[in-house]
Number of protein chains: 2
Amino acid sequence: MKQVAALAGVGIKTVSRVVNHEANVAPATASRVWDAVRALDYHVDLQAGSLRRAGGRTRTLGLLVSSVDNPFAGAIHRAVEDAAVERGVSVFTSSLDDDPLREAYAVSAFLQRRVDGLILTTASPRPQYLGAVLQRGLPVVYVDRKPVDETLDAVTSDNRAAAELATAHLISHGHRRIALLADRLDIGTARERQRGFLDALGHAGISTTLAPMVTELHDAASAQVALARLLASEAPPTAVFSAQNLITVGALHALRVAGLQHAVALVGFDDIPLADLVEPGVTVIAQDPQQIGRVAVERVFARLEGDTSPARHTITPTKLIPRGSGEIAPAAE
Amino acid sequence: MKQVAALAGVGIKTVSRVVNHEANVAPATASRVWDAVRALDYHVDLQAGSLRRAGGRTRTLGLLVSSVDNPFAGAIHRAVEDAAVERGVSVFTSSLDDDPLREAYAVSAFLQRRVDGLILTTASPRPQYLGAVLQRGLPVVYVDRKPVDETLDAVTSDNRAAAELATAHLISHGHRRIALLADRLDIGTARERQRGFLDALGHAGISTTLAPMVTELHDAASAQVALARLLASEAPPTAVFSAQNLITVGALHALRVAGLQHAVALVGFDDIPLADLVEPGVTVIAQDPQQIGRVAVERVFARLEGDTSPARHTITPTKLIPRGSGEIAPAAE
DNA sequence: ATGAAAGCGCTAACAA
DNA sequence: TTGTTAGCGCTTTCAT
């Protein structure tokens with residue numbers, strides 16, 4: 001900046017004023033400064049600036065998602081980025097991998113870089129770092145899952161109700177022996193979805209002894225193995241509720257390998273790409289990750305602009321998309 | 001840091017030494033400092049530090065990809081992140097949207113935040129910002145595409161050869177009237193893929209008048225419309241080479257709607273999720289985005305560690321995965 | 001092994 | 001409208 005000032009023949013503060021679009025600069029002076037900026041390929045050092053700037057804003061956000069290569073997270077990320085660029089804010093993104101240690105590490109990395117706000121997916125029911133974050137007055141919004149016991153801004157789906165709807169959908173098509181394939185139960189959403197599943201069985205008066213539940217599934221491969229085993233058992237399920245996108249993919253593979261994709265019904269939680277192109281089409285409960293991201297980032301910016309209203313937990317809508325796999329009737333016994 | 005120093009009863013420099021794991025601190029002193037750090041939930045300000053630090057490193061990287069919600073980009077991103085966390089480096093990610101303006105803006109945002117290195121996908125054949133970047137000695141590695149005329153580190157696939165392979169595969173199954181569906185030709189990879197397509201036709205002695213080529217396609221919807229139109233024409237293609245993942249998805253929809261998915265052959269560039277579950281399976285040329293990201297980030301870190309060897313253009317392997325759609329023979333005429 | 005002082009690039013506060 | 005000075009939180013250099 002000093003060099004620019006020298007080249008433009010002005011004081012350093014004038015350069016600062018110009019590059020920050022402050023008022024009270026003569027147009028002629030401004031254009032001389034811009035010329036110097038271009039001549040030197042100068043880019044302000046936002047980091048140095050934020051050191052002194054009132055409020056210490058860095059024009060930077062931290063985003064923590066399950067994994068940056070998961071399509072659900074990708075959609076959230078895109079929504080966050082779009083709102084951020086509009087405001088000249090850049091986004092640090094990290095992957096959680098459902099590991100509380102990795103979560104703590106990522107948040108700490110964000111804190112060390114003095115982000116202005118956090119959008120977090122959490123693996124910990126009670127994250128240790130929250131105290132430090134809140135005490136600093138840093139806006140935090142949880143997406144997809146939220147810590148228990150805490151009144152915080154959060155944007156999630158109603159996992160329990162949606163899972164109940166999915167299961168009821170299968171029941172309404174005549175199924176009674178319905179399998180649940182779910183993620184690790186230490187993840188809140190997995191628990192919620194299991195509860196919804198059980199709610200639906202309860203309302204229909206179906207004994208849970210009929211319902212094989214396999215949990216602690218974490219990827220497509222383990223889900224495929226689990227379902228293959230169920231299908232080969234003596235009382236195989238006539239329908240499956242797969243409670244997460246990767247699990248649905250594994251379930252699809254297992255059904256395909258067993259040649260049962262037209263015989264065993266399937267409803268998945270979370271939409272998956274090409275779900276409409278497989279045969280039969282995959283019936284899913286679709287969340288709206290785009291909207292989750294959008295609402296979350298707006299919440300962060302609102303907080304940054306001084307909104308001090310009480311914490312808000314926004315529930316974004318889900319919808320059941322029937323495509324065929326969820327409408328298969330059970331084989332007559 | 002001053003507060004920590006006060007609480008621990010040491011000088012500020014000692015705190016700096018401890019949190020940066022420097023030598024020459026008495027174990028007893030160090031543990032007193034750590035206690036204070038924990039008591040105050042203190043996190044170093046890396047930004048302030050890098051202001052004075054030799055080399056001015058910020059432990060930060062800038063990554064520019066097509067779009068953060070594209071699975072191809074997600075895989076690259078993940079590989080970059082994994083290598084970065086290992087080194088305590090955080091990653092800024094932005095989406096390019098194949099817009100040179102957005103590209104320039106993103107790079108400028110990275111520069112203003114003083115990233116240590118850049119991993120870029122480019123939409124500009126000759127990016128303006130390169131001068132400023134190179135002059136600063138910032139390591140840049142291009143992924144997926146690279147600017148022309150520049151000797152720079154880059155990691156790409158051999159798009160031309162892979163496209164030729166895909167097309168030759170269709171020809172070897174008896175096709176002569178093969179359609180090309182491609183992206184905007186101002187994108188280098190789209191041009192390369194078209195060249196490879198033409199190479200294969202040339203080698204087989206097939207006149208290009210037989211080959212309907214639709215370019216400037218940019219998403220699934222436009223690709224679907226384009227293929228639907230071709231299929232309805234008086235001399236419809238018996239095979240299709242779709243030169244990008246979203247275009248492949250659009251092509252699949254068009255074939256499905258026309259009921260021709262078992263009649264018209266299809267090979268896609270880039271693997272797509274669930275490609276093996278649709279009927280018939282989708283034959284694709286698969287790149288290895290994970291490896292592209294891994295090689296690129298290693299290159300950046302090597303440069304940061306002082307590697308001054310000449311720029312290297314790494315070609316990562318692609319492979320043709322036959323799954324059914326590419327092995328359909330043309331209908332007898 | 002520890003600390004004091006200077007200064008990184010910038011912006012706030014104030015002066016001219 | 002413009003410039004000067006101090007100081008943000010840290011690391012460097014140098015002294016102890």
Side-chain angles (χ1 to χ4, degrees), chain A residues 1-34 36-37 40-60 88 108-109 111-116 132 136-137, chain B residues 1-34 36-37 40-60 88 108-116 132 136-138:
Chain A
M1 187 174 265
K2 268 201 309 220
Q3 300 180 45
V4 176
L7 183 62
V10 300
I12 175 174
K13 176 67 226 197
T14 302
V15 178
S16 171
R17 270 191 265 262
V18 172
V19 298
N20 291 299
H21 307 283
E22 284 174 32
N24 294 330
V25 182
T29 317
S31 71
R32 264 180 25 245
V33 170
W34 281 121
V37 163
L40 296 173
D41 269 326
Y42 170 76
H43 293 258
V44 224
D45 187 331
L46 283 182
Q47 324 233 51
S50 62
L51 209 53
R52 198 71 173 74
R53 198 179 348 257
R57 297 281 169 84
T58 55
R59 307 184 84 69
T60 272
S108 169
L111 258 26
Q112 294 187 359
R113 287 168 181 80
R114 297 297 186 265
V115 296
D116 294 337
R136 261 161 231 266
Chain B
M1 187 174 265
K2 269 202 308 223
Q3 300 181 42
V4 175
L7 183 62
V10 300
I12 176 176
K13 174 66 225 194
T14 302
V15 177
S16 170
R17 269 192 265 264
V18 171
V19 298
N20 290 299
H21 307 285
E22 285 174 32
N24 294 331
V25 182
T29 318
S31 72
R32 268 186 14 250
V33 170
W34 281 122
V37 164
L40 297 172
D41 268 325
Y42 170 75
H43 293 258
V44 222
D45 187 331
L46 283 181
Q47 324 232 55
S50 62
L51 209 52
R52 197 72 173 75
R53 200 182 343 260
R57 296 282 168 82
T58 55
R59 307 183 83 69
T60 272
S108 170
F110 291 153
L111 257 25
Q112 293 187 359
R113 287 166 180 83
R114 297 295 187 264
V115 297
D116 295 337
R136 262 161 230 266
L138 257 193

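Remember, it's a predicted structure, so these values are computed and weren't measured experimentally. Just so it is clear: chains get the letters A, B, ... in the order the sequence lines come, proteins before strands, and each one is counted from 1.
- Under 4.0 angstrom from either OP1 or OP2 of C/dC10 there lies no side-chain N or O belonging to A/Ser16.
- In this structure, the CZ atom of A/Arg59 is 16 Å from the P atom of C/dC10, given to the nearest Å.
- Each of B/Pro27 and A/Gly49 was matched to the nucleotide of DNA chain C holding its nearest heavy atom; the match closer to the 5' end belongs to B/Pro27.
- Between B/Lys13 and B/Glu22 there is a side-chain heavy-atom pair separated by less than 4.5 Å.
- Summarising the geometry, the separation between CZ on A/Arg57 and P on C/dA12 is reported as 13 Å, rounded to the nearest angstrom.
- Summarising the geometry, the separation between CZ on A/Arg53 and P on D/dC8 is reported as 16 Å, rounded to the nearest angstrom.
- In this structure, the nucleotide among C/dC10, D/dC10, D/dT12 sitting nearest to the side chain of A/Val44 is C/dC10.
- In terms of heavy-atom proximity, B/His43 sits nearest to A/Arg114 at O-NH2, 2.8 Å.
- Atom C1' of nucleotide D/dG3 and atom NZ of A/Lys2 are separated by 15 Å, given to the nearest angstrom.
- Nucleotide D/dT11 holds its P atom 9 Å from the CD1 atom of B/Ile12, rounded to whole Å.
- Considering only side-chain atoms of B/Tyr42, the nucleotide from D/dG3, D/dC10, D/dG9 that sits closest is D/dC10.
- Counting heavy-atom neighbours within 6.0 Å of B/Gln3 CD, excluding the residue itself, gives a total of 12 or less.
- Checking C/dG9, C/dT11, C/dG7 against the side-chain heavy atoms of B/Leu51 singles out C/dG9 as nearest.
- B/Asp45 comes within contact range of the sugar-phosphate backbone alone, with a heavy-atom separation under 4.0 Å but no base atom that close.
- An OP1 or OP2 oxygen of C/dG3 is reached within less than 4.0 angstrom by a side-chain nitrogen or oxygen of B/Thr14.
- Comparing A/Glu22 and B/Ala48, the nucleotide of DNA chain C nearest to each residue sits closer to the 5' end for B/Ala48.
- Between the side chain of A/Arg17 and the base of D/dG3, a donor-acceptor pair under 3.5 Å is found.
- A close approach under 4.0 Å does not occur between any side-chain nitrogen or oxygen of B/Asn24 and OP1 or OP2 of C/dT2.
- The side chain of B/Arg52 lies closest to D/dC10 when the candidates are C/dG3, D/dT1, D/dC10.
- For C/dT2, one of the phosphate oxygens OP1 or OP2 lies less than 4.0 angstrom from a side-chain nitrogen or oxygen of B/Thr29.
- Considering only side-chain atoms of B/Arg114, the nucleotide from D/dT1, D/dT11, C/dC10 that sits closest is C/dC10.
- As a whole-Å value, the separation of A/Lys13 NZ from D/dA6 C1' is 13 Å.
- With rounding to the nearest 0.5 Å, the separation of CG in A/Leu111 from CG in B/Asp41 is 8.5 Å.
- Of the candidates C/dT2, D/dT2, C/dA4, the closest approach to any side-chain atom of B/Val25 belongs to C/dT2.
- For the pair A/His21 NE2 and C/dT11 P, the computed distance is 12 Å after rounding to whole Å.
- Closest to the side chain of A/Met1, from the set D/dT2, C/dC10, C/dA1, is C/dC10.
- A donor and an acceptor atom, one from each side chain of A/Thr58 and A/Asp116, are located under 3.5 Å apart.
- Around atom CZ of A/Arg59, no more than 12 heavy atoms belonging to other residues, nucleotides or ligands sit under 6.0 Å away.
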